Chemist: 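First the structure, then my questions, so here it is.
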Amino acid sequence: MLVKVCGAALQGIDAIKISIEALVESGFSITLVGMPDKAVKESVQRVESAVSHCGMEFPRRKILVNMAPAEVRKEGAAYDLPLAVGILAADNRIPAQLLERYMIMGELSLDGSLLPIKGVLPMAILARSLGLKGIILPAQNASEAAVVNNLEVCGARSLREVIDHLSGVIPIPPTEIDTRAEFGKAVETFPFDFAEVKGQENVKRAFEVACAGGHNILLVGPPGAGKSMMAKRLPSIMPPLTLHEALETTKIHSVAGKLKSGSNLMSHRPFRSPHHTISNVALVGGGSSPMPGEISLAHNGILFLDEFPEFSRSVLEVMRQPLEDRHITISRASYTIDYPAGFMLVASMNPCPCGYYNHPTKDCTCSPAQVSRYLGRISGPLLDRIDIQVEILPVPFEKLASMPTGETSADMRRRVVRARALQAARYAAEEGIHCNAQMNSRLLSAYCPLDSDAMAILRNAMTRFDMSARAYDRILRVARTIADLEASSFPASPVSDPSSPELCPPITAAHIAEAVGYRNLDRASWGLR
């Protein structure tokens with residue numbers, strides 16, 4: 001008897017349909033075709049043991065399994081469950097009527113229990129788009145799949161439960177989650193708060209501007225100045241995830257197997273902090289079994305690179321294109337995959353090899369050539385792509401004891417959220433544009449007009465510091481964000497013209513001056529006082 005079971009394979013962060021066709025005839029052999037990898041071929045032993053532990057006899061006949069489409073490579077142990085169900089149904093051990101209504105995926109243990117798998121969320125989205133009634137998978141993945149509405153999610157703990165469900169003996173109760181209600185109840189609590197940071201008001205301001213406009217930021221300062229400590233507090237002032245962003249971020253982490261068991265939607269923006277020994281593939285993704293890299297795991301969140309110059313030059317350079325395009329296309333001989341990579345880059349570094357260049361109390365032991373060579377580890381084109389570059393100095397001990405508690409992250413976040421809301425309204429008609437950091441040349445011309453005073457300051461800075469054309473655009477983007485932060489309130493009524501003063505507050509000379517101050521690490525201005 002020939003039966004078909006619906007499964008799925010992951011391509012990038014999406015899933016495609018895989019049809020598992022099982023045929024049991026007279027004879028004695030087991031054959032798997034359809035480009036299965038070694039893990040899929042080994043599933044025969046797992047399936048045979050699992051079926052035996054369920055109190056059933058594995059068919060001792062000729063078994064042929066085809067996994068279509070044949071040109072797509074099938075990888076991993078997630079096909080154990082559909083293979084077991086297909087073989088049993090083809091041998092008339094269980095009814096086949098319900099198979100066409102479900103997608104079935106799961107890894108089997110030798111005792112018949114089900115183990116969690118990766119990429120469940122995109123599989124559930126595919127099942128709904130195919131018009132299936134539901135999806136049967138391991139119980140540990142049920143809450144993740146239940147995020148998808150209008151889909152019956154049956155979380156099973158063993159092969160026996162799946163057999164009883166398909167036979168109509170003991171139906172598996174569906175897992176139900178009100179996605180919007182659960183997402184609305186998610187309270188973002190953070191272990192760190194900017195109120196704990198004494199002093200460093202200029203750096204806090206730079207962080208607020210960066211978060212308000214989605215700008216990349218680089219901190220340069222000596223050891224112990226608080227670079228990493230402050231960077232870890234950045235998520236506490238980032239705007240909350242939208243429901244669409246949460247679904248997209250959860251899909252990426254689901255495919256990478258980074259979601260905790262029993263979790264559903266991610267409610268916090270990701271904060272990824274890879275070590276400087278990371279490889280190119282680990283950063284951008286890919287590999288023999290393609291997986292998202294750190295830049296994709298940081299999508300809709302923050303990628304923090306501590307000790308920036310210590311990263312391999314080739315690793316840093318592969319980020320140049322994703323920083324501009326907000327996605328990464330990985331092309332290999334056997335596949336081409338596109339991963340989203342819309343992250344905010346936050347980097348920190350010492351100013352020189354010894355770490356004390358420009359330090360107020362400690363002498364630097366490095367020569368000017370060593371200082372220049374150390375900064376030169378970061379290429380000019382990459383440095384140009386970092387909108388905000390700010391120096392940070394340690395707070396003197398005398399001030400640490402006397403300084404009052406700083407402004408809370410909640411207060412800073414309210415201003416950031418208000419500025420982001422202004423930008424969302426302004427760019428509502430622009431596809432793929434959500435914040436100031438994403439503006440292209442056309443939008444810069446439309447939303448960043450300068451008066452004569454502001455233009456004079458910008459012209460003087462460009463000439464004096466020998467800045468590039470890309471730096472010119474970055475300054476305008478940051479100035480646009482500073483003006484948005486100063487807007488006293490969001491328009492009470494809808495505004496039809498996005499370039500109106502209500503949605504596009506004027507950029508003044510003060511805004512340009514502050515934005516230029518955030519470029520003080522450009523080559524020609526480095527170290528000038």
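This is a predicted model, so every value here is computed, not measured.
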Chemist: Check whether any side-chain heavy atom of Ile30 sits under 4.5 Å from a side-chain heavy atom of Phe58, and report yes or no.
Modeler: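 Ile30 vs Phe58: side chains touch.
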Chemist: Measuring from Ser43:OG to Asp80:CG, what's the distance to the nearest 0.5 Å?
Modeler: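 Taking OG in Ser43 and CG in Asp80, the distance rounds to 5.0 Å.
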Chemist: Is it true that a side-chain atom of His253 and a backbone atom of Leu297 form a donor plus acceptor pair closer than 3.5 Å?
Modeler: yes
Chemist: Within this structure, what is the CE-CG distance for the pair Met344 and Asn300, rounded to the nearest 0.5 Å?
Modeler: 13.0 Å
Chemist: With a 4.5 Å cut-off on side-chain heavy atoms, are Leu99 and Lys4 touching?
Modeler: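 SC-SC contact between Lys4 and Leu99 ruled out.
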Chemist: How far apart are the C-alpha atoms of His275 and Phe311, what are their side-chain angles, what is the distance that settles it, and do they pass the ring-ring contact (aromatic ring centres under 6.0 Å, His included) test?
Modeler: CA-CA 8 Å; His275 193 260; Phe311 284 80; 7.9 Å; no
Chemist: Does Pro340 offer a backbone N or O that forms a donor-acceptor pair with the side chain of Ser296 under 3.5 Å?
Modeler: yes
Chemist: Check whether Arg272 reaches the backbone of Ala298 with its side chain - one donor and one acceptor, N or O, closer than 3.5 Å.
Modeler: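 Absent.
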Chemist: Between the side chains of Glu57 and Ser52, is a donor N or O closer than 3.5 angstrom to an acceptor N or O?
Modeler: no
Chemist: Taking all atoms of both residues into account, what is the closest heavy-atom pair of Pro274 and Glu294, and its distance?
Modeler: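 The pair with the smallest heavy-atom distance is CB-CG, 4.0 Å.
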Chemist: If the threshold is 4.0 Å, N to carboxylate O, is there a salt bridge linking Arg415 and Glu208?
Modeler: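 Salt bridge: yes.
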Chemist: Are Ile302 and Met238 side-chain neighbours, meaning at least one heavy-atom pair lies under 4.5 Å?
Modeler: yes
Chemist: Is Arg269 reaching over with its side chain to a backbone N or O of Pro239, donor-acceptor style, under 3.5 angstrom?
Modeler: yes
Chemist: Between Ala156 and Val162, which heavy-atom pair has the shortest distance, and what is it?
Modeler: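 Taking every non-hydrogen atom into account, CB-CG2, 3.6 Å.
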Chemist: Kindly compute the distance separating SG (Cys154) from CD1 (Ile136), expressed to the nearest 0.5 Å.
Modeler: 5.5 Å
Chemist: Centroid-to-centroid, His165 to Tyr102, below 6.0 Å?
Modeler: yes
Chemist: So, does Arg326 use its side chain to make a donor-acceptor pair with the main chain of Pro322 at under 3.5 Å?
Modeler: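 A pair under 3.5 Å: no.
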Chemist: Check Arg426 with Asp484, please: is the shortest side-chain N to carboxylate O separation under 4.0 Å?
Modeler: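 Salt bridge: yes.
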Chemist: Less than 4.0 Å between a side-chain N and a carboxylate O, is that true for Asp387 and Arg477?
Modeler: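 Salt bridge: no.
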Chemist: As a quick check of understanding, evaluate salt bridge (Lys or Arg N to Asp or Glu O under 4.0 Å) for Asp14 and Lys251, giving each step before the final call.
Modeler: CA-CA 8 Å; Asp14 297 312; Lys251 278 178 64 177; 2.7 Å; yes
Chemist: Where the side chain of Ser49 meets the backbone of Leu110, is there a donor-acceptor pair that is under 3.5 Å apart?
Modeler: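 Answer holds: yes.
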Chemist: Answer yes when Glu152 and Arg101 have at least one side-chain N-carboxylate O distance shorter than 4.0 Å, and no when they do not.
Modeler: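 Judged by the 4.0 Å cut-off on N to carboxylate O distance, Glu152 and Arg101 do not form a salt bridge.
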Chemist: Counting N and O atoms only, with roles assigned by atom type, does the side chain of Glu107 sit under 3.5 Å from a partner on the main chain of Leu115, one being a donor and the other an acceptor?
Modeler: no
Chemist: Using side-chain heavy atoms (C-beta onward) and a distance below 4.5 Å, is Leu234 in contact with Val346?
Modeler: yes
Chemist: Under a 3.5 Å cutoff, is there a donor and acceptor pairing between the side chains of Glu317 and Ser379?
Modeler: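 There is such a pair (donor and acceptor under 3.5 Å, judged by atom type) between the side chains of Glu317 and Ser379.
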Chemist: Determine whether Arg160 and His53 make a side-chain contact, defined as any pair of heavy atoms from C-beta on separated by less than 4.5 Å.
Modeler: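 No, every pair of side-chain atoms sits at 4.5 Å or beyond.
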Chemist: Around atom CZ of Arg320, are there more than 12 heavy atoms from other residues, nucleotides or ligands closer than 6.0 Å?
Modeler: yes
Chemist: Less than 4.5 Å apart, any side-chain heavy atom of Leu218 and any of Ser348?
Modeler: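 Leu218 does not reach Ser348 side chain to side chain.
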Chemist: May I ask you to test the Val148-Leu121 pair for a side-chain heavy-atom distance under 4.5 Å?
Modeler: yes
Chemist: Enter the distance from Asn141:CG to Leu259:CG here, rounded to the nearest 0.5 Å.
Modeler: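 Answer for the CG-CG pair, Asn141 versus Leu259, is 9.0 Å.
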Chemist: Is it true that Thr249 and His299 share a donor-acceptor pair across their side chains at a distance under 3.5 Å?
Modeler: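 His299 vs Thr249: no donor-acceptor pair found between side chains.
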Chemist: Do Asn436 and Arg420 have a side chain donor and acceptor closer than 3.5 Å?
Modeler: no
Chemist: Quick one: OH on Tyr447 to CZ on Arg442, what's the gap to the nearest 0.5 Å?
Modeler: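 If I round to the nearest 0.5 Å, the distance is 7.5 Å.
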Chemist: May I ask you to test the Met349-Leu219 pair for a side-chain heavy-atom distance under 4.5 Å?
Modeler: no
Chemist: Rounded at 0.5 Å granularity, tell me how far CE in Met123 sits from CD1 in Ile117.
Modeler: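 Here the interatomic distance stands at 4.5 Å.
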Chemist: Does Lys118 pair with Glu144 as a salt bridge, N-O distance under 4.0 Å?
Modeler: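 No, no charged N to carboxylate O under 4.0 Å.
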Chemist: List in chain and number order the residues that pass side-chain contact (heavy atoms from CB on, under 4.5 Å) with Glu71, two or more places apart in sequence or in another chain; answer none if no residue qualifies.
Modeler: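 Glu71: side-chain contact (heavy atoms from CB on, under 4.5 Å) contacts with Pro69.
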Chemist: In chain order, what residues pass the side chain to side chain donor-acceptor pair (under 3.5 Å) check against Asn216, with sequence neighbours excluded?
Modeler: none
Chemist: Spell out, as yes or no, whether a donor-acceptor pair under 3.5 Å connects the side chain of Glu310 to the backbone of Glu307.
Modeler: no
Chemist: Please determine if Lys41 and Asp37 form a salt bridge, counting it only when a charged side-chain N lies under 4.0 Å from a carboxylate O.
Modeler: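 No.
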Chemist: Taking Glu196 for the side chain and Phe192 for the main chain, is one N or O donor matched with an acceptor at less than 3.5 Å?
Modeler: no
Chemist: Would you please test Glu324 and Arg385 for salt bridge (Lys or Arg N to Asp or Glu O under 4.0 Å) and show each step?
Modeler: CA-CA 8 Å; Glu324 290 285 341; Arg385 286 169 168 82; 3.5 Å; yes
Chemist: Is there a donor-acceptor pair closer than 3.5 Å between any side-chain N or O of Thr336 and the backbone N or O of Arg332?
Modeler: no
Chemist: Among side-chain atoms of Ser236 and Asp193, is any donor-acceptor pair under 3.5 angstrom?
Modeler: no
Chemist: Identify the residue among Val5, Leu83, Thr31 that makes a side chain to side chain contact (heavy atoms under 4.5 Å, CB included) with Val65.
Modeler: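 Passing option: Leu83.
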Chemist: Can you name the side chain to side chain donor-acceptor pair (under 3.5 Å) partners of Thr329, sequence neighbours left out?
Modeler: Asp338
